[in-house]
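Following: one structure in structure tokens, then a few remarks.
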There are 2 protein chains.
Amino acid sequence: MDSSQLLKGVLDLAVLAVLDERDGYGYDVVRRLREAGLVEVGDASVYGTLRRLYKAGALTSYVMASDEGPHRKYYGLNETGRSMYAAQARTWNSFVATMASLLKEGRG
Amino acid sequence: MDSSQLLKGVLDLAVLAVLDERDGYGYDVVRRLREAGLVEVGDASVYGTLRRLYKAGALTSYVMASDEGPHRKYYGLNETGRSMYAAQARTWNSFVATMASLLKEGRG
DNA sequence: GCACACTACTGTGCAATGCGCGGTAGTGGC
DNA sequence: GCCACTACCGCGCATTGCACAGTAGTGTGC
């Protein structure tokens with residue numbers, strides 16, 4: 001198992017988490033995820049996730065010019081996105097708890 | 001997000017965990033996972049995972065007759081399986097920790 | 001002795017999603 | 001002009017969980 005498989009279904013949550021902290025554009029989200037420890041995340045995955053979340057109505061989007069390169073497409077959470085974030089965080093936490101109890105039994 | 005996506009890449013670990021506790025056959029593993037809280041796990045997924053892990057050399061396999069139905073194909077961890085289990089558990093735990101720090105930042 | 005339910009395993013095809021790779025563009029340094 | 005870095009997008013692939021259908025053994029009710 002490399003963590004690429006672990007990301008399945010959780011990348012949405014991770015992206016929602018960084019955007020909940022503050023709006024960001026694709027390249028920036030990639031950097032923030034990597035700094036947070038998700039070093040193996042691919043840029044294409046993040047762009048794809050952002051587009052998917054936007055299409056799902058969870059994100060707002062606005063374009064801004066930049067001094068240091070091409071334009072940046074910023075994304076931010078809207079109400080739908082925030083409740084999606086909360087719901088997914090809950091699901092994730094209970095899932096983690098379930099896994100924790102499973103793993104403990106064989107080792108405690 | 002339904003937890004089916006969360007299972008991606010983690011079902012291996014979950015199956016290794018229940019087999020580490022004690023040998024089991026497919027149907028039994030499904031039941032134990034569901035009792036542990038993974039209620040949405042599909043039987044075909046578990047059988048597929050068992051076959052995959054067996055093919056990867058992580059499991060031993062032996063067939064036993066049963067009083068209450070057809071034969072049962074038992075699976076158990078071998079050395080490879082145990083080290084795979086330990087490695088995946090470590091990866092999982094550090095991944096969970098990374099996610100936890102990500103989620104915390106946006107909420108206090 | 002036949003239909004049915006429950007146990008137990010298998011195969012096929014599908015859908016979701018992360019990724020590698022390559023392509024397009026803008027800005028600045030040499 | 002060429003290259004590096006920033007920034008974004010599209011294509012096709014691999015993995016993997018699942019629904020569904022099928023095979024088979026055992027016991028129950030009639």
Side-chain angles (χ1 to χ4, degrees), chain A residues 1-16 23-35 38-56 58-59 61-75 88 91-92 95 99, chain B residues 1-16 23-34 38-56 58-59 61-75 88 91-92 95 98-99:
Chain A
M1 184 204 285
D2 57 326
S3 28
S4 76
Q5 285 304 319
L6 292 182
L7 273 180
K8 293 264 175 190
V10 185
L11 188 55
D12 282 24
L13 176 57
V15 167
L16 289 171
D23 286 10
Y25 51 98
Y27 214 72
D28 175 54
V29 172
V30 172
R31 262 195 308 242
R32 286 204 264 158
L33 288 175
R34 290 196 175 142
E35 277 163 23
L38 265 29
V39 290
E40 305 188 35
V41 69
D43 63 324
S45 310
V46 172
Y47 285 114
T49 299
L50 286 169
R51 269 175 270 161
R52 198 161 46 240
L53 289 173
Y54 179 72
K55 207 171 162 189
L59 303 181
S61 174
Y62 49 98
V63 173
M64 286 181 75
S66 161
D67 291 350
E68 306 235 326
H71 69 282
R72 295 168 171 173
K73 195 184 280 182
Y74 277 79
Y75 291 97
Q88 292 199 12
T91 303
W92 168 251
F95 183 77
M99 285 301 295
Chain B
M1 183 204 288
D2 58 325
S3 27
S4 75
Q5 285 304 319
L6 292 182
L7 273 180
K8 293 264 174 189
V10 186
L11 188 54
D12 282 23
L13 176 58
V15 167
L16 289 171
D23 286 9
Y25 52 97
Y27 214 71
D28 175 54
V29 172
V30 172
R31 263 195 307 241
R32 286 204 263 159
L33 288 174
R34 291 195 174 142
L38 266 28
V39 290
E40 303 189 35
V41 69
D43 63 324
S45 310
V46 173
Y47 286 114
T49 299
L50 286 169
R51 271 176 269 166
R52 198 162 45 239
L53 289 174
Y54 180 71
K55 207 170 161 188
L59 303 181
S61 174
Y62 49 98
V63 173
M64 286 181 76
S66 161
D67 291 350
E68 306 236 327
H71 69 283
R72 293 167 171 174
K73 195 184 280 183
Y74 278 78
Y75 291 96
Q88 292 199 11
T91 303
W92 169 251
F95 183 78
T98 299
M99 286 301 296

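Letters A, B, ... are given to chains in the order of the sequence lines, protein chains preceding strands, and every chain is numbered from 1. In this text the structure is predicted, and so the values were computed from the model without any measurement.
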**OP:** Starting at atom CG of L6(B), determine the distance to atom P of dA16(C), rounded to an integer number of angstrom.
**Re:** 16 Å
Original post:
Roughly how many Å is it from NE2 in H71(A) to C1' in dC9(D), rounded to a whole number?
Top reply: 10 Å
Original post:
Start at the 5' end of DNA chain C and walk down; is the nucleotide closest to A44(A) or to P70(A) reached first?
Top reply: A44(A)
Original post:
Looking at side-chain heavy atoms only, is the closest gap between K73(A) and S61(A) below 4.5 Å?
Top reply: yes
Subject >> Residues D28(B), R72(B): salt bridge by 4.0 Å N-O rule >> reply: no
Original post:
To the nearest Å, how far apart are D43(A) CG and dT17(C) C1'?
Top reply: 15 Å
Original post:
Distance-only, no hydrogens or angles: does the S45(A) side chain make a donor-acceptor pair with backbone N or O of V41(A) under 3.5 Å?
Top reply: no
**OP:** Measure the distance from OH on Y25(B) to P on dG25(D) and round it to the nearest whole Å.
**Re:** 18 Å
Subject >> L50(B) CG to dC9(C) C1', straight-line distance once rounded to whole Å >> reply: 11 Å
**OP:** Please state how far atom CG in D67(A) lies from atom C1' in dA7(D), giving the value in whole angstrom units.
**Re:** 14 Å
Original post:
With respect to the phosphate group of dC8(D), does any side-chain polar atom (N or O) of R51(A) fall under 4.0 Å of OP1 or OP2?
Top reply: no
Subject >> Geometric class of the Y62(A)/Y74(A) ring pair [parallel <30°, tilted 30-60°, perpendicular >60°] >> reply: parallel
Subject >> Length of the OH-P vector between Y47(A) and dT6(D), whole Å >> reply: 11 Å
Subject >> Closest non-hydrogen atom pair between G24(A) and V29(A), with its separation >> reply: C-CG2, 4.2 Å
Subject >> Candidates dC18(D), dA7(D), dC9(C) - which lies nearest the side chain of R72(B) >> reply: dC9(C)
Original post:
Over how many whole Å does the gap from K73(A) atom NZ to dG10(D) atom C1' extend?
Top reply: 13 Å
**OP:** Could you grab the distance from atom CE of M99(B) to atom CG of L6(A), nearest 0.5 Å is fine?
**Re:** 10.5 Å
Atom pairs, protein N/O to nucleotides 14-16 of chain D N/O, distance under 3.5 Å:
| from | atom 1 | to | atom 2 | distance (Å) |
| --- | --- | --- | --- | --- |
| dT16(D) | O2 | K8(B) | NZ | 2.4 |

**OP:** Give D28(A) one of three labels, base, sugar-phosphate or nothing, depending on what nucleic acid heavy atoms sit under 4.0 Å from its own.
**Re:** nothing
**OP:** Check the surroundings of atom OH in Y54(B): do more than 12 heavy atoms from other residues, nucleotides or ligands lie under 6.0 Å from it?
**Re:** no
